[in-house]
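To keep things clear, I will list the structure first and then write my remarks on it.
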2 protein chains.
Amino acid sequence: MKIDDKILNAAIDMIAKKGYKGATTKEIAEKASVSEMTLFRHFGSKKKILEAAVDRYYYSIQMKELFEQKVTWELDKDLLMVAETYHNLMKKNKNVIKIAIQEGSRVKGLLEQVNKHPRQLKELLINYFEEMNRRGLVVDSEYELQAMNFLYMSYGHFISRSFVSGESITSIAEDNIITGGVKVFVENLTPERSKAVMQ
Amino acid sequence: MKIDDKILNAAIDMIAKKGYKGATTKEIAEKASVSEMTLFRHFGSKKKILEAAVDRYYYSIQMKELFEQKVTWELDKDLLMVAETYHNLMKKNKNVIKIAIQEGSRVKGLLEQVNKHPRQLKELLINYFEEMNRRGLVVDSEYELQAMNFLYMSYGHFISRSFVSGESITSIAEDNIITGGVKVFVENLTPERSKAVMQ
DNA sequence: AGCTATAGTTAGTACTAACTAACAGAAGTC
DNA sequence: GACTTCTGTTAGTTAGTACTAACTATAGCT
């Protein structure tokens, strides 16, 4: 791993754990196994380290393309795929997401970065529901509302488990919660006539 | 307002905004309109201020009693009531919830405090679903799973709106999202025969 | 009026964190 | 082998922060 990467990884880790002010350059240097001087030589200041980290280390994907590859036009499978993709994406970006909650508008570009995926997912779901409706596989509904609540459910699950309650509120496994949540929306959006067929 | 209260309010505010390390005793004193000395005379140290604030200023209610008073045994009304109660509770405790995400286990008693309501709500919902099931008003299902996803949906909505995206992802009003989310679960849990009756 | 309790003020201490300067050593390139 | 580039090391500067000490001022109570 290159030295820049070691520094940025260590920085994201420590800042997510202790907050921007709470994480010291000394700690970051130690965690990255480089000397403190090297941080400053590479990035100039602590603030710039964080900015570079957010910019380069937010794992980002093109939802639309991925979705188009994987879509099956079966509501349960597709929603599960979206939920799992979103969940995995948040896991990969866990530290940056935490920093976004903590530092929010104090780091330029951070909120935009973090809001990118939800925004993409919302649009993607709306379009998907509309197409499914044309095919007679999804009932008439307010799709943006449905999409938002679906995403909020995933988001709440992730945040709660990752940052505040862990396993301490429910012992149900992560995967079961996700499939259970998907089921609720599938049930809700599937037309009556298709339900009979499916059963 | 008493001087202790002014200090604790100011402290919660500043620490939620800037993090524990980021909020200085000087700022807290200014915001509380008292001298910095008064902070230390009243609470001894910065850490003790936060602990006192979390201890005294986490607005807490007895869910069970409130619920028993308000329950109507109509699924849609009851779930809406729970969702609104939960949402309002989180709004009141917004700052403490943010501090819990940020400082987590570094402040003793904090996570326990913040996890109390979700835990209560989970149990309450499970019992409610079971009773509704006995009355033939809710289908057989995994009630803990349903309860968790219902709560995660509310939680995700609150966190997203309050701390990271604001209104920037959807323009749908808060209340509409809540009622929409409730509808999904109502639809999902209502037995077929009751649906016909209701329509 | 005098006592008590409490808040404000000012000055100061001890410590820590971000950041700099200057030098020394190691590795690769020509 | 000299030159360049990069990293480590050490020592130090500067600024800010939690916290203390000692004195002053004020307001309520008797």
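So you know, we letter chains A, B, ... as the sequences are listed, proteins then strands, and number each from 1.
Interface residues of residues 14-28 of chain A facing DNA chain D, ordered by number: none; criterion, heavy-atom separation under 4.0 Å. Within residues 49-56 of chain B, no residue has any heavy atom under 4.0 Å from DNA chain C.
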Open item on the list: Please evaluate residues B/His117 and B/Tyr59 with respect to the criterion ring-ring contact (aromatic ring centres under 6.0 Å, His included), reporting the C-alpha separation (whole Å), side-chain torsions for both, the decisive distance (0.1 Å), and the verdict.
Closed with: CA-CA 10 Å; B/His117 287 144; B/Tyr59 178 79; 7.9 Å; no

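Seen from the ring of A/Phe43, A/Lys48 does not count as a face-on cation partner, given the 6.0 Å and 45° thresholds.
Residues forming a side-chain hydrogen bond (donor to acceptor under 3.5 Å, both in side chains) with A/Asn88 (at least two apart in sequence, or on another chain): none. For B/Lys77, the side-chain hydrogen bond (donor to acceptor under 3.5 Å, both in side chains) test picks out B/Glu74, with sequence neighbours left out. Applying the side-chain hydrogen bond (donor to acceptor under 3.5 Å, both in side chains) rule to B/Glu36 yields the partners B/Thr25; only residues at least two apart in sequence or on another chain are considered. By the salt bridge (charged side-chain N to carboxylate O under 4.0 Å, His left out) test, B/Glu68 pairs with no residue at all, sequence neighbours left out.
Cluster partners of A/Ile172 are A/Ile169, A/Ile177, B/Leu145, B/Met148, B/Tyr152, counting Ile, Leu, Val, Met, Phe, Trp and Tyr whose side-chain heavy atoms approach within less than 4.5 Å, directly or via other members. A/Met37 shares a hydrophobic cluster with no other residue; no ILVMFWY side chain has heavy atoms under 4.5 Å from its own.
For the pair A/Lys46 NZ and C/dC19 C1', the computed distance is 12 Å after rounding to whole Å. Computed from coordinates, the B/Asp4 CG to C/dA5 P distance equals 17 Å when rounded to whole Å. As rounded to whole Å, 12 Å separates atom P of C/dA18 from atom CD of A/Glu30.
Crowding of B/Lys46 atom NZ: a count of heavy atoms from other residues, nucleotides or ligands under 6.0 Å exceeding 12.
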Anything under 3.5 Å between a protein N or O and an N or O of nucleotides 7-9 of chain D, put it in a table, one pair a line.
from	atom 1	to	atom 2	distance (Å)
D/dT7	OP1	A/His42	NE2	3.2
D/dT7	OP2	A/His42	NE2	3.0
D/dG8	OP2	A/Ser35	N	3.1
D/dG8	OP2	A/Thr38	OG1	2.3
D/dG8	N7	A/Arg41	NH2	2.5
D/dG8	O6	A/Arg41	NH1	3.2
D/dG8	O6	A/Arg41	NH2	3.4

Let me have the donor-acceptor pairs involving side chains of residues 96-107 of chain B, under 3.5 Å, with sequence neighbours excluded, atom names and distances please.
from	atom 1	to	atom 2	distance (Å)
B/Lys98	NZ	B/Ala16	O	2.9
B/Gln102	NE2	B/Ala16	O	3.4
B/Glu103	OE1	B/Arg106	NE	3.4
B/Glu103	OE1	B/Arg106	NH2	3.3
B/Glu103	OE2	B/Tyr20	N	3.1
B/Arg106	NH1	A/Lys17	O	3.0
B/Arg106	NH2	A/Lys17	O	3.1
B/Arg106	NH2	B/Gln102	O	3.2

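Listed by first then second residue, pairs satisfying side chain to side chain donor-acceptor pair (under 3.5 Å) with a partner in residues 4-16 of chain A read A/Asp4-A/His42, A/Asp5-A/Tyr57, A/Asp13-A/Lys31, A/Asp13-A/Asn95, not counting sequence neighbours.
B/His87 and B/His157 have tilted rings, their planes meeting at an angle from 30° to 60° on a 0 to 90° scale.
Between the axis at the start and the axis at the end of the helix from C/dA1-D/dT30 to C/dC30-D/dG1 there is an angle of 10°, using five pairs per end and rounding to 10 degrees.
Expressed to the nearest 0.5 Å, how far CG of B/Leu125 lies from OH of B/Tyr143 amounts to 12.0 Å.
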